[in-house]
2 protein chains.
Amino acid sequence: MATGRTHRPATRSRGIPEATVARLPLYLRALTALSERSVPTVSSEELAAAAGVNSAKLRKDFSYLGSYGTRGVGYDVEYLVYQISRELGLTQDWPVVIVGIGNLGAALAGYGGFASRGFRVAALIDADPAMTGKPVAGIPVQHSDDLEKIISEDGVSIGVIATPAGVAQQVCDRLVAAGVTSILNFAPTVLSVPDGVDVRKVDLSIELQILAFHEQRKAGEETSAEEGHDAVAEPEPVVVPPAPRGTTGTTGRKGPDGDVPAVMPA
Amino acid sequence: MATGRTHRPATRSRGIPEATVARLPLYLRALTALSERSVPTVSSEELAAAAGVNSAKLRKDFSYLGSYGTRGVGYDVEYLVYQISRELGLTQDWPVVIVGIGNLGAALAGYGGFASRGFRVAALIDADPAMTGKPVAGIPVQHSDDLEKIISEDGVSIGVIATPAGVAQQVCDRLVAAGVTSILNFAPTVLSVPDGVDVRKVDLSIELQILAFHEQRKAGEETSAEEGHDAVAEPEPVVVPPAPRGTTGTTGRKGPDGDVPAVMPA
DNA sequence: GGTTGTGAACCGTTTCACAGCC
DNA sequence: GGCTGTGAAACGGTTCACAACC
């Protein structure tokens, strides 16, 4: 397959582990809040609490960036804000295009989080001619015919896809062909991109399904409500699975536990 | 701290690893597409490609659910759809409330992903009295004064927070007090919840910052554009950090490499 | 006394590679 | 011959615990 790359082993980014990179924005946010309150220094313990991680992890994370703390004292807030910003590449600003200005795209366009740190909405792009020229969050929507021109003229390297799933791959291909090398995908599809292009996805229904899984487990326990225990009870929702087709209902399948009960799913 | 729990070691959910759970929705989506095209069976290789993972991982994931495949043949699509749905708890439907009906909340309310599988928007809730009664995506917005009543009457256990960051923790506390045990948080804040409550977060600016990090690294390489190489070049954006305060500029800090260049950040 | 920075142990996840089964 | 299911090895990340330092 031509475009069919899955995911690179994370560019081996000069040492900083991917998990650490993913937490740096969290630290940065907590530090920025401290900075606004003019707090001069902070201990790993305090900062970790503010960022919702444990302090050992935080210290190890920071150790990958260098030795920025002072033993017995803590970390200098301003200094760390700067170092993390620099590490994340937020000392330069990144023009971003948003493709697909429906409800979600419009919400993203209006989201304060962009301007806040290093990001700038360079253009809003939509395929619907009726949208063209209409200002959304103060920025006029441009037609997708001009996508390539916009990307190359503004030197855009980050694209946000907020289109319906059906066209997301095409949009992605065009973005990549035009020079975009980082994509944030809100469409519920797996995108194929060539090597060297990063894709991150944000997917509402996946998140909900993960929550539902755990929720179901909680309901299944239904024992000792107070303080966590073991008591591994089986949830076992009573419904019958569709008979395995293809091979017309022959060899008995082994379910996870025992065999199948009776009642139809919706 | 009363509410200050960080994150539990993932409920130890009767064996299925968390990483696997997070991929089940992906498999389910790919399988549903196959099912709609009436494909009867699929190999781990094909399905893995459709879901954007590698086949060994997929097989191992499925092995946690049970032995649902047939050697030499592959997996029965319908059967797997059913088994995964069941495992994820999607054979029942989950009423969900969305709190904070701004641009984003409205976009989420209108998102098809809800209805698609097991989820139902039970209520839209906003603190602005001007919104009350206004239909959004066909559902009338209710005032947040009634939050507790709505939750308990509808037996809602999943809440989506799409409010501004400033009120997210309060909203969260009220949701939890009213009986919600799973929260999907779109507000850019760390939420504290008691033990037994799951929180997942979706954060645009974190995602963008992670992309920016990698983007910066790519720009720093700027060597051998074709096919991946090593060539670990230093990016080194030229800017001066704020002098470490607190201790008035004494002991030299060791940056990650050498010492600091000259030019001010914005 | 307080707090960082970090080796070493630990744990969860991914990948490998092949036996087992159709 | 083809494909699944799974031990075992490899990997990456987290946690522990303490020496180094202020």
Side-chain angles (χ1 to χ4, degrees), chain A residues 6-13 15-24 27 40-49 51-77 79-80 83 244 246-248 250-254 256, chain B residues 6-13 15-24 26-27 40-49 51-77 79-80 83 244 246-248 250-256:
Chain A
T6 314
H7 73 294
R8 298 161 306 125
T11 322
R12 204 78 288 278
S13 21
I16 303 182
E18 193 54 34
T20 295
V21 171
R23 281 187 297 267
L24 292 181
Y27 302 143
T41 59
V42 67
S43 70
S44 64
E45 201 69 56
E46 295 165 322
L47 185 54
V53 303
N54 77 49
S55 62
K57 199 187 291 191
L58 178 142
R59 287 201 302 279
K60 178 131 287 195
D61 283 343
F62 285 178
S63 80
Y64 293 118
L65 309 183
S67 287
Y68 292 153
T70 309
R71 287 165 210 244
V73 178
Y75 298 93
D76 181 279
V77 172
Y79 189 70
L80 249 192
Q83 288 298 348
T247 33
T248 356
T250 44
T251 44
R253 304 273 180 154
K254 34 185 156 40
Chain B
T6 313
H7 74 293
R8 297 161 305 124
T11 322
R12 202 80 289 278
S13 20
I16 304 181
E18 193 54 34
T20 295
V21 172
R23 281 187 295 267
L24 291 181
L26 232 51
Y27 301 143
T41 60
V42 66
S43 70
S44 64
E45 201 68 57
E46 294 164 324
L47 184 53
V53 303
N54 76 49
S55 62
K57 199 186 295 191
L58 178 143
R59 287 200 303 279
K60 178 130 286 202
D61 283 342
F62 285 178
S63 79
Y64 293 117
L65 308 184
S67 288
Y68 292 152
T70 308
R71 290 165 208 244
V73 178
Y75 298 93
D76 181 280
V77 172
Y79 188 69
L80 249 193
Q83 289 298 349
T247 33
T248 357
T250 43
T251 44
R253 304 273 179 153
K254 33 185 154 47

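A note on names: the letters A, B, ... follow the listed sequences, proteins ahead of strands, and every chain is numbered from 1. Predicted model, so just to flag it, every value in this text is computed and none were measured.
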Report summary line: Separation of D:dT6 atom P from B:L65 atom CG, nearest Å, is 11 Å

**Report entry** A:T20 and A:D61: side chain donor to acceptor below 3.5 Å
**Finding:** yes

Query raised in the report: Which part of the nucleic acid, if any, lies within reach of A:Y75 when heavy atoms closer than 4.0 Å are counted: base, sugar-phosphate only, or nothing?
Result: sugar-phosphate

Report summary line: Residue pair A:D61/B:D61 against DNA chain D: nearer the 5' end by closest nucleotide is B:D61

**Report entry** Phosphate-side-chain proximity, A:K57 and D:dT15, N/O vs OP1/OP2 below 4.0 Å
**Finding:** yes

**Report entry** Options D:dT14, C:dT4, C:dT15, nucleotide nearest the side-chain atoms of A:R23
**Finding:** D:dT14

Query raised in the report: Among D:dT15, C:dT6, D:dC3, which nucleotide sits nearest the side chain of A:R59?
Result: C:dT6

Query raised in the report: Do A:L47 and A:L58 touch side chain to side chain, with heavy atoms closer than 4.5 Å?
Result: yes

Query raised in the report: Tell me: CG of B:D76 to P of D:dT4, nearest whole Å?
Result: 13 Å

Query raised in the report: Which of the following nucleotides, C:dG5, D:dT4, C:dT4, is nearest to the side chain of A:S44?
Result: C:dT4

Query raised in the report: Do A:R71 side-chain and C:dT4 base share a donor-acceptor contact under 3.5 Å?
Result: yes

Report summary line: Atom CG of B:L58 and atom C1' of C:dT15 are separated, to the nearest Å, by 14 Å

Requested in this report: Could you tell me the separation between the NZ atom of B:K60 and the C1' atom of C:dT15, rounded to a whole number of Å?
Outcome: 9 Å

Report task. Rounded off to whole Å, could you give me the OH-to-C1' distance for the A:Y64 and C:dT6 pair? Result -> 9 Å

**Report entry** Distance, rounded to the nearest Å, where B:F62 contributes CZ and D:dT4 contributes C1'
**Finding:** 12 Å

Query raised in the report: Within the structure, does a side-chain N or O atom of B:N54 lie under 4.0 Å from either OP1 or OP2 of C:dT14?
Result: no

Query raised in the report: Does the side chain of B:T70 come within less than 4.5 Å of B:Y75's, by heavy atoms?
Result: no

Query raised in the report: When rounded to the nearest 0.5 angstrom, what distance separates OG in B:S43 from CZ in B:R59?
Result: 9.5 Å

Query raised in the report: Is the B:Y68 to B:F62 ring centre distance short of 6.0 Å?
Result: no

Query - Interatomic distance where CG belongs to B:L47 and P belongs to D:dC3 [whole Å] - result: 14 Å

Report task. Using atom CD of A:E46 as one end and atom C1' of C:dT3 as the other, report the distance to the nearest whole Å. Result -> 11 Å

